[in-house]
Amino acid sequence: MPVEMSRTRFEELVGEALDLVPREFAKAMDNVVVLVEEYNEESPSILGLYHGVALTERTSSYGGVLPDRISIYRQPILEICETEDDVVDEIVTTVIHEIAHHFGIDDHRLHELGWG
């Protein structure tokens, strides 16, 4: 049975997950915003998505663009979790996974590192 949780509580947990990002990585994040959304219309079962140009792919011509976005999808995360502790763990994993994409780390490497 999916976990029931208010959007406000879910957003608090995403904020707490962001607080776990080591300071040197948080400082290195450039032109990116993290948003909570209900779900992705194109792929309703995905838990998160990085939209943007990874730091490793930016060239000297990068500039004057809207911030990259990391979307954390509330409904799919709640649907796969059975307890609030599961939600906390899944949010942390998803946030770290999507931040890693901002730094240019691909899914294959993330799975190897245990952040799949």
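From a predicted model like this one, the values you see are computed outputs, not experimental measurements.
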Pairs where residues 6-39 contributes a residue and the test ring pair (Phe, Tyr, Trp, His ring centres under 6.0 Å) is met, not counting sequence neighbours: Phe25-Phe103
Residues that Ser61 engages under side chain to side chain donor-acceptor pair (under 3.5 Å), provided they are two or more places apart: Thr59
Any residue meeting side chain to side chain donor-acceptor pair (under 3.5 Å) with Asp106, in chain and number order, not counting sequence neighbours: none
Val21 to Ala26 - nearest heavy-atom pair and separation: CG1-N, 3.8 Å
Side chain Arg7, main chain Val36, donor-acceptor under 3.5 Å: yes
Crowding at CG, Leu20 (>12 non-hydrogen neighbours, <6.0 Å): yes
Sidechain-backbone polar pair: Glu38 side chain, Gln75 backbone, donor-acceptor under 3.5 Å: no
Backbone N/O of Val53 and side chain of Tyr50: donor-acceptor pair under 3.5 Å: yes
Result of checking Ile70, Leu18, Leu13 against Val95 for side-chain contact (heavy atoms from CB on, under 4.5 Å): Leu18
Donor-acceptor contact present, side-chain Ser6 to main-chain Arg9, <3.5 Å: yes
Atom of Pro76, atom of Pro44 and distance for their closest heavy-atom approach: CG-O, 3.2 Å
Steps toward side chain to side chain contact (heavy atoms under 4.5 Å, CB included) verdict (Asp68, Arg58): CA-CA 12 Å; Asp68 293 357; Arg58 294 181 184 178; 2.7 Å; yes
Pair Glu90-Thr94, side chain to side chain contact (heavy atoms under 4.5 Å, CB included): steps then yes or no: CA-CA 6 Å; Glu90 196 57 60; Thr94 304; 3.5 Å; yes
Atom pair CD1 (Ile99) and CE (Met29), whose distance is rounded to the nearest 0.5 Å: 4.0 Å
Heavy-atom pair with the smallest gap, counting every atom of Leu110 and Ala100: CD2-CB, 3.4 Å
hydrophobic_cluster_shared for Tyr73 and Ile96, side chain cutoff 4.5 Å: no
CA sep, side-chain torsions, deciding dist, call: Met5, Val87, side chain to side chain contact (heavy atoms under 4.5 Å, CB included): CA-CA 9 Å; Met5 179 180 293; Val87 174; 3.8 Å; yes
From Ile72 atom CD1 to Ile91 atom CD1, the distance as rounded to the nearest 0.5 Å: 8.0 Å
Main-chain N/O of Ile105 paired to His101 side chain as donor or acceptor, under 3.5 Å: yes
Closest non-hydrogen atom pair between Cys81 and Val3, with its separation: O-CG2, 3.3 Å
Atom pair CG/CG of Leu47 and Asn40 - distance to nearest 0.5 Å: 11.0 Å
Joint cluster assignment, Val14 & Ile80, ILVMFWY side-chain distance < 4.5 Å: yes
Minimum heavy-atom distance His51-Ser71, with the two atoms named: NE2-OG, 3.1 Å
Side-chain donor-acceptor pair present, His108, Glu112, cut-off under 3.5 Å: yes
